[in-house]
Amino acid sequence: NAGVMQNPRHLVRRRGQEARLRCSPMKGHSHVYWYRQLPEEGLKFMVYLQKENIIDESGMPKERFSAEFPKEGPSILRIQQVVRGDSAAYFCASSPYLVGANVLTFGAGSRLTVL
Amino acid sequence: AQTVTQSQPEMSVQEAETVTLSCTYDTSENNYYLFWYKQPPSRQMILVIRQEAYKQQNATENRFSVNFQKAAKSFSLKISDSQLGDTAMYFCAFMKHEGESSGDKLTFGTGTRLAVRP
């Protein structure tokens with residue numbers, strides 16, 4: 001079991017470009033969460049997805065950010081027209097839905113640097 | 001909304017000694033879960049320990065144990081026999097289990113940076 005796989009690990013973009021971050025959940029996990037960690041801060045919830053559905057995007061900025069989890073393939077976090085304030089580590093986590101499980105397994109994160 | 005407070009930005013401990021990291025939280029919920037996650041320099045988030053609020057017994061995992069005081073909304077982490085590999089950021093986190101319609105969202109504190117000295 002390869003765990004939660006995120007790529008790329010590091011991404012450098014210039015202001016105005018697009019960033020795409022990918023997350024493959026653990027085998028058997030159908031729930032995906034994205035978190036953002038700004039420098040010297042804790043992780044902040046962004047969005048929760050199940051296959052082909054966005055369940056909760058209450059932590060996602062209203063503009064430029066979008067997420068999807070298609071029927072086939074990884075979950076994608078997309079940031080359009082990046083700005084320097086988007087520089088952060090973006091973590092994906094997955095979980096099965098089992099009563100009493102409630103443990104998120106995190107990927108190693110993708111560090112986005114906006115020049 | 002839930003909040004999690006870690007009032008110790010940095011801590012230091014001698015190898016083989018014991019250290020306690022503090023965490024308090026605020027919630028109106030009665031059923032919830034509390035976690036400690038470790039983030040070493042590799043930045044990987046690693047689950048250290050989990051506590052269910054309905055359980056009075058404090059959780060333990062080898063050298064890691066918690067002191068869960070529900071009435072005081074306190075959830076401290078004790079690391080015994082500290083090892084150099086324990087050097088990391090430690091995050092306290094709260095989860096209200098809302099069911100499949102809303103998922104299991106974690107609310108994190110700002111972290112405590114622990115350095116274990118040789």
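Chain naming here is simple, since letters A, B, ... match the order of the sequence lines and numbering starts at 1 in each. Keep in mind that what you see is a predicted model, and the values were worked out from it rather than measured.
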Less than 4.5 Å apart, side chain to side chain, heavy atoms only: is that true for A/R78 and A/L21?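 With C-beta onward as the side chain, the pair stays apart.
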message = Could you check whether any side-chain heavy atom of A/L112 comes within less than 4.5 Å of a side-chain heavy atom of A/S87, counting everything from C-beta outward?
response =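 Result no, sub-4.5 Å side-chain heavy-atom pair not found.
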Once rounded to the nearest 0.5 Å, what's the spacing between atom CH2 of A/W34 and atom CZ of A/F91?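 A/W34 CH2 to A/F91 CZ: 11.0 Å, rounded to 0.5 Å.
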Practice prompt. Go through B/L47, B/L106, B/I46, B/T107 and name the one with the most non-hydrogen pairs under 4.5 angstrom from chain A.
Written response: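 Most pairs with chain A among the choices: B/L106.
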Given the options B/M45, B/R43, B/R113, which has more heavy-atom pairs under 4.5 Å with chain A than any of the others?
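Of the options given, most contacts go to B/R43.
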Heavy-atom distances under 4.5 Å only: say whether A/T105 touches chain B with side chain, backbone, both or neither.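 Nothing of A/T105, per the 4.5 Å heavy-atom cut-off to chain B.
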Below 4.5 Å from any heavy atom of chain A, which atoms of B/Q39 appear? Answer side chain, backbone, both or neither.
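Just the side chain, heavy atoms under 4.5 Å.
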Check: Within a radius of less than 6.0 Å around NZ of A/K44, do more than 12 heavy atoms belonging to other residues, nucleotides or ligands occur?
Finding: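 Counting neighbours around NZ of A/K44, more than 12 heavy atoms of other residues, nucleotides or ligands fall under 6.0 Å, so yes.
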